[in-house]
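Below you'll find the structure, written out as structure tokens, and then a few comments.
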Amino acid sequence: MTTPVTAGGPRLGLRANLAQFTLLVVVNALVGGMLGQERTVLPLLAEDVFGLTAYTTALTYILAFGATKAVTNFLAGTLSDRYGRKPVLVAGWLIALPVPAMLAWGPSWSWIVAANVLLGASQGLTWSTTVIMKIDLVGPARRGLAMGFNESAGYLAVAATAMATGAIAEHAGLRPAPFLLGAAYAALALGLSVLAVRETQGHARAEAARHPAGPNAQLTTGEVARRTGFGDRSLSAASWAGMVNNLNDALAWGLFPLLFALQGLSVAQIGVLAALYPAVWGAGQMLTGWWSDHVGRKHLITAGMFLQALAIGLVAAGSTFGVWSAAQVLLGIGTALVYPTLLAVVGDVAHPAWRARAVGVYRLWRDGGFAVGALLAGAIADLWSISTAVWVVAALTAATGAMVAVRMRETHPRGAARTEETSTGGPRRDGTGRGGR
């Protein structure tokens, strides 16, 4: 069972904080739904409504989204440490409010790009903050499980909304009806964040008090950025792998629907394929996050990157709905192995005093992959073909799996005995790998 860290102070652990944890899972599902409203409809909107034929131009909304979200992720960690988690979460939802209307009625492509700048800022603040708050609440022993639930909720909502908007667009057109879901999500999430979500920064301070003070606990933001991006072998490998993972997602988001449309699939079929990958990804994370708490992080990440590479190659080689469905399932499994586990690595290695900033830096790298993917895949597709772009990304993903195998250290010993958090501050047997530098 979970015991208080200090008398009358915050209690760490999933069981002790189940109500708030569950509420944050719901809020993050709404964050995912805001992203899901675009997955099926927007690539088709670029071509059918706005007449964009150059792939690089058509993917500018992903570039705008990814670049903004990456920078805002970094700011979210710093702002959460300075002002608290809840104000950052609420600010993110306020920014999201105009996005559905801009997508539904924007008169030019520049409006769509501007909406994705706002969406990226909102997602960076809201998704980063729900990650940080869940890590705060659960403490070290269930970190992988917590990230599994968080990312599962978000991407199951992406999948469900992508399928729903595809079905709506099939019957009511590409605009405005599909984006009314996003308007409802934003209003509900803002209300929950203001009225029901509680601040969790005290939980992080309570956990930090259990760790001895020293130079590792007193890092500037610049030092955190260097350690997470380059200096620490495990943190930097996680950052690079996260960037390539979201590069893959940019490819799936921006070019897969166009590839499927070129082969004559209907909007509804494209919606099914657009939903299948995040659905498997989302559901799988409930298992893989927990699994990484028991067998370790590194091998799940390595296997996941190689499986993603195989799936992306299968998309390039395929030409039928059945083959592409199988590829989307494999891509979802590979991403489920990687996504919560990378976040758990960051939580393992980073000291609680600068963990929120480390999460922000990691997510800066990871979501920068959207921008890199939009530029790389769009340029290759314009120069050669969509299939060539897909093959190049498959090769890059395989190379990243090899990099993780060589560079990353295991941050959570496989099969380590688990213990609940205690108030003693004594030696832990939960193997969070603080020495995995």
Side-chain angles (χ1 to χ4, degrees), residues 14 18 21-40 123 126-127 130-131 134-135 138 142-167 181 185 189 241-242 245-246 248-249 251-253 256-257 268-295 297 299-301 303-312 314-315 321-344 366 397:
L14 179 58
L18 186 58
F21 185 91
T22 303
L23 175 61
L24 288 167
V25 169
V26 172
V27 171
N28 203 58
L30 296 168
V31 179
M34 290 294 291
L35 183 59
Q37 69 181 320
E38 292 193 348
R39 300 289 290 211
T40 300
Q123 293 268 307
T126 55
W127 205 312
T130 59
V131 167
K134 289 186 183 70
I135 292 176
V138 302
R142 296 293 181 267
R143 190 164 285 138
L145 178 64
M147 292 303 92
F149 273 109
N150 186 80
E151 301 304 290
S152 177
Y155 283 96
L156 282 173
V158 170
T161 309
M163 182 174 288
T165 53
L181 279 177
Y185 291 162
N245 182 91
N246 276 19
N248 296 344
D249 195 30
L251 180 77
W253 180 4
F256 282 5
Q269 286 177 309
I270 294 171
V272 170
L273 291 175
L276 192 56
Y277 151 54
V280 175
W281 169 7
Q285 289 176 114
M286 289 189 285
L287 171 64
T288 57
W290 167 85
W291 196 13
S292 77
D293 284 336
H294 293 271
V295 303
R297 321 293 195 199
H299 295 306
L300 295 187
I301 296 168
M305 296 306 296
F306 285 132
L307 190 57
Q308 285 185 58
L310 174 64
I312 293 168
L314 189 58
V315 170
F321 181 81
V323 171
W324 285 328
S325 295
Q328 297 295 86
V329 169
L330 290 176
L331 186 58
I333 294 171
T335 309
L337 289 168
V338 168
Y339 220 70
T341 317
L342 289 172
L343 276 168
R366 193 192 69 187
T397 305

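Positions are given from 1 along the sequence. Just the heavy atoms: all of them, side chains too, but no hydrogens, waters or symmetry mates, feed the values below.
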Verdict with reasoning, Leu331 to Phe256, per side-chain contact (heavy atoms from CB on, under 4.5 Å):
CA-CA 12 Å; Leu331 186 58; Phe256 282 5; 4.1 Å; yes

Determine whether the aromatic ring centres of residues Tyr339 and Tyr155 are separated by less than 6.0 angstrom.
yes

If the condition is salt bridge (charged side-chain N to carboxylate O under 4.0 Å, His left out), which residues does Arg366 pass it with, not counting sequence neighbours?
none

Hey, could you give me the CE/CG distance between Met163 and Leu273, rounded to the nearest 0.5 Å?
9.0 Å

For Phe149 and Thr22, what are the C-alpha separation, side-chain angles and deciding distance, and is it a side-chain contact (heavy atoms from CB on, under 4.5 Å)?
CA-CA 9 Å; Phe149 273 109; Thr22 303; over 6 Å; no

Within this structure, what is the OH-CD1 distance for the pair Tyr277 and Ile333, rounded to the nearest 0.5 Å?
13.0 Å

Show, in sequence, the C-alpha distance, side-chain angles and deciding distance for Leu307 and Leu330, and conclude whether the side-chain contact (heavy atoms from CB on, under 4.5 Å) test is met.
CA-CA 7 Å; Leu307 190 57; Leu330 290 176; 4.2 Å; yes

Report yes or no: do Arg297 and Thr341 form a side-chain donor-acceptor pair below 3.5 Å?
no

Report yes if some heavy atom in the side chain of Gln37 is under 4.5 Å from a heavy atom in the side chain of Tyr185; otherwise report no.
no

Is the side chain of Thr165 donor-acceptor paired with the backbone N or O of Ala162 at a distance under 3.5 Å, no angle test?
yes

Sidechain-backbone polar pair: Asn28 side chain, Asn150 backbone, donor-acceptor under 3.5 Å:
yes

Work out which heavy atom in Leu181 is nearest to a heavy atom in Ala164; give both atom names and the distance.
CD1-CB, 4.0 Å

Non-hydrogen side-chain atoms of Trp324 and Gln269 separated by less than 4.5 Å:
no

Minimal non-hydrogen separation, Trp127 against Gly154, with atom names:
CH2-CA, 3.8 Å

Heavy-atom closest pair (Met305 atom, Asn245 atom, distance to 0.1 Å) is CE-N, 4.4 Å

Work out which heavy atom in Gly33 is nearest to a heavy atom in Ala157; give both atom names and the distance.
N-CB, 3.7 Å

Mind checking whether Val31 and Leu35 have side chains closer than 4.5 Å, heavy atoms only?
no

Any Asn248 side-chain heavy atom under 4.5 Å of Thr335 side chain
no

Side chain proximity check, Leu276 to Val329, heavy atoms < 4.5 angstrom:
yes

State which residues pass side-chain contact (heavy atoms from CB on, under 4.5 Å) with Val323; sequence neighbours excluded, sorted by chain then number.
Leu314, Thr320

Is the shortest heavy-atom distance from the side chain of Thr126 to the side chain of Val27 under 4.5 Å?
no

Over all heavy atoms of both residues, which pair between Pro257 and Ala252 is shortest? Give the atoms and the distance, please.
CD-O, 3.3 Å

Please report the shortest heavy-atom distance between Gly32 and Val158, naming the atom on each side.
O-CG2, 3.2 Å

Let me have the donor-acceptor pairs involving side chains of residues 278-291, under 3.5 Å, with sequence neighbours excluded, atom names and distances please.
unit_1, atom_1, unit_2, atom_2, d
Trp281, NE1, Gln285, OE1, 3.3
Gln285, NE2, Glu151, O, 3.0
Gln285, NE2, Trp281, O, 3.3
Thr288, OG1, Gly284, O, 3.3
Thr288, OG1, Ala336, O, 2.6
Trp290, NE1, His294, NE2, 3.1

Given side chains that start at C-beta, do those of Arg39 and Thr161 come closer than 4.5 Å, heavy atoms only?
no

